[in-house]
Amino acid sequence: MLLRGFVYGLLVVVLGVMIVNTPPSIEALDNGLALTPPMGWNSWYPFGCDVSEKNIKDQANALVKYRLRAAGYTTVIVDDCWSGDRDADGRITANARFPSGMKALGDFLHSKYFKFGVYSSRGTRTCMDFTASEDHEAQDAQTFADWGIDYVKYDNCPYTVDGADMERRYGWMSAGLQATGRPIVFSIAMWEFKDWHPATGNLSRTSGDILDSWPNMLEHFLINANYAAYAHPGYWNDPDVLRFGGGMSTTEYRSYFSLWAISAAPLIISANLWGLPKGTLEILTNKEVIAVDQDVLGVQGVQIGNSGPGKTVWSRPLSNGDYAILFLNEDAAAADISFDGSWLGLTSYTVRDLWKKRNLGTVSGVYTASVESHGVVMLRISPRS
Ligand code: GLA
């Protein structure tokens, strides 16, 4: 009986992966990295162009103090505004905000068991008009490797309409990084998905810059969902950072985090960690929700049903045969939302609520929960038969 259950579970998972997750004849970038979605911290929203060696170190210390590093947020990414001029040999340098240089900052981060991420751009200048990598792709890749960089976010400024040029230049940076022999995650920030991205990068931004607002966050989630079939260990769709700056309620931030987790999205916090409210920290460190995001099966969730407009049910299969199920209520009032086990071929299953951290027993058929306005209910269910 047990064996039969196991074989069935395996079959469901394998078939599920084949059906849900077969990228439409796409080559994958095979650099062996980002086998689960990257987790870390990014300087852009808290600091913009006030980013500095000092505040990067301060935030790294906060990641340790608030146990965010322990929860998995291990890549510290210096976004735009760090670069200075090129030297006589054409090598990119750091500007005066990084007086000890990037190699020293990398050494500091590595000594604290972090990975070191840096930003550059496809064109000659970054979006904030600092030095970027055009025509220096291989050279910059080597400089980044020499500095001990583990992750490169590659932006798309200055804007061009020449799609072929974009593809070529992202390709050159990707190849340049691979040629260094150092494992470096390549994060494409082109503000839209292209079907060559999974063969070029480990993650790709599927939309423009996220706002710290409920409707905009939802829009990013929904756009990102269109590309679910492409996600797999080594390539992830990126709906942008966790911009937890105070523009939403705790309920909305809990939804935001859950939506990213059901999507197998990168979990990159972009907020000043010293000012984070306790409720926000609790959201960011919910181990069971993080475990859904980081599940090694690497399947991005999809919508499997609804209880009316704006009351949707999402699901992703997990590596041990469980499923994560998410109820999302976009309405201004609380609403009942239901999941029907038959949607996944299940007659009976046990239910655990990942926010209440409670087992809710065995359910046959339909499970219904009341979901607060702009809230979610996030479940982990285990098939019984
Ligand atoms: C673009 C990117 C952002 C950020 C800024 C920095 O807008 O999409 O994520 O990196 O540039 O200038």
Side-chain angles (χ1 to χ4, degrees), residues 34 37-53 55-56 59 73 75-84 92 94-95 97-98 102 105 115-134 137 140 144 149-161 163 165-167 169-170 173-174 177 184-194 197 200-213 216-217 219-221 223-224 227 236-245 247 256 260 263 265-272:
M39 291 178 67
W41 177 90
N42 172 296
S43 64
W44 180 241
Y45 289 109
F47 295 115
C49 280
D50 286 333
V51 66
S52 69
E53 176 180 315
N55 54 35
I56 293 292
Q59 296 294 310
Y73 299 91
T75 301
V76 173
I77 302 156
V78 180
D79 206 279
D80 203 349
C81 308
W82 64 267
S83 54
I92 198 163
N95 62 37
R97 289 189 197 82
F98 294 81
M102 298 305 259
L105 183 56
K115 295 203 180 293
F116 182 21
V118 82
Y119 164 106
S120 189
S121 193
R122 168 200 51 74
T124 50
R125 307 294 291 173
T126 70
C127 298
M128 295 306 285
D129 200 23
F130 287 72
T131 306
S133 298
E134 181 173 309
E137 287 88 354
D140 286 359
F144 296 155
I149 286 198
D150 307 293
Y151 180 111
V152 170
K153 170 177 170 181
Y154 210 50
D155 213 342
N156 196 26
C157 281
Y159 186 72
T160 168
V161 287
D165 190 49
M166 279 187 220
E167 180 169 354
R169 292 188 177 280
Y170 274 93
M173 181 50 86
S174 176
L177 293 171
I184 302 176
V185 171
F186 189 42
S187 159
I188 297 175
M190 232 185 76
W191 321 315
E192 61 175 332
F193 178 83
K194 295 284 180 193
H197 287 176
T200 306
N202 296 109
L203 56 157
S204 163
R205 281 267 302 277
T206 50
S207 50
D209 292 6
I210 198 160
L211 304 179
D212 193 4
S213 88
N216 184 269
M217 180 278 290
E219 199 181 310
H220 279 248
F221 164 71
I223 294 171
N224 198 66
Y227 308 105
W236 311 102
N237 294 309
D238 177 7
D240 209 353
V241 290
L242 300 167
R243 186 173 176 178
F244 282 29
Y256 187 164
W260 265 227
S263 305
L267 301 178
I268 311 282
I269 305 164
S270 194
N272 184 345

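For this chain, numbers begin at 1 and follow the sequence in order. Keep in mind that the numbers below use all heavy atoms, side chains included, and drop hydrogens, waters and symmetry copies. Start at 1 and go down the list; that is how both ligands and their atoms are numbered.
Using cut-offs of 30° and 60° on the angle between ring planes, the pair Tyr170 and Tyr154 is perpendicular.
At a 3.5 angstrom cut-off on N or O pairs, Asp209 counts as close to ligand 1. For Trp191, a nitrogen or oxygen atom sits less than 3.5 Å from a nitrogen or oxygen atom of ligand 1, counting backbone and side chain alike. Among the atoms of Tyr45, none of the N or O lies under 3.5 angstrom from an N or O of ligand 1.
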Could you check Phe186 against Tyr151 for ring-ring contact (aromatic ring centres under 6.0 Å, His included), going step by step and ending with a plain yes or no? CA-CA 6 Å; Phe186 189 42; Tyr151 180 111; 9.4 Å; no
Trace of the side chain to side chain contact (heavy atoms under 4.5 Å, CB included) decision for Ile56 with Val51: CA-CA 7 Å; Ile56 293 292; Val51 66; 3.8 Å; yes
Derivation of the salt bridge (charged side-chain N to carboxylate O under 4.0 Å, His left out) call for Lys194 and Glu167: CA-CA 9 Å; Lys194 295 284 180 193; Glu167 180 169 354; over 6 Å; no
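The ligand atoms of ligand 1 that sit less than 4.0 angstrom from a heavy atom of Cys127 are 1 (C), 11 (O), 12 (O). Close approach of ligand 1 to Lys153 (heavy-atom distance below 4.0 Å) involves ligand atoms 3 (C), 4 (C), 9 (O), 10 (O). Atoms of ligand 1 found under 4.0 Å from any heavy atom of Arg205 (numbered from 1 in listed order, with element): 8 (O), 9 (O). The ligand atoms of ligand 1 that sit less than 4.0 angstrom from a heavy atom of Tyr119 are 6 (C), 10 (O), 11 (O), 12 (O). Heavy-atom proximity to Asp79, at under 4.0 Å, picks out these atoms of ligand 1: 4 (C), 6 (C), 10 (O). Within ligand 1, counting atoms from 1 as listed, the ones closer than 4.0 Å to a heavy atom of Met128 are 12 (O).
A salt bridge is defined here as a Lys NZ or Arg NE, NH1 or NH2 lying under 4.0 Å from an Asp or Glu carboxylate O, and Asp240 with Arg205 meets this definition.
Counting protein heavy atoms only, atom 5 (C) of ligand 1 is closest to Trp44 CE2, 3.7 Å. Scanning all protein heavy atoms for the shortest distance to atom 12 (O) of ligand 1 gives Asp80 OD2, 2.7 Å.
Compare Val241, Asp129, Asp155 by their heavy atoms: the one nearest to atom 2 (C) of ligand 1 is in Asp155.
In summary, the side chains of Thr126 and Asp80 do present a donor paired with an acceptor at a separation below 3.5 Å, with no hydrogens or angles considered. Using modelled atom types and a 3.5 Å distance limit, the side chains of Ser133 and Asp140 yield a donor-acceptor pair. No side-chain donor from either of Asn237 and Asn224 sits under 3.5 Å from a side-chain acceptor of the other.
Taking the ring centroids of Phe244 and Tyr256, they lie under the 6.0 Å cut-off.
Residue contact annotation: Thr126 has no non-hydrogen atom under 4.0 Å from ligand 1.
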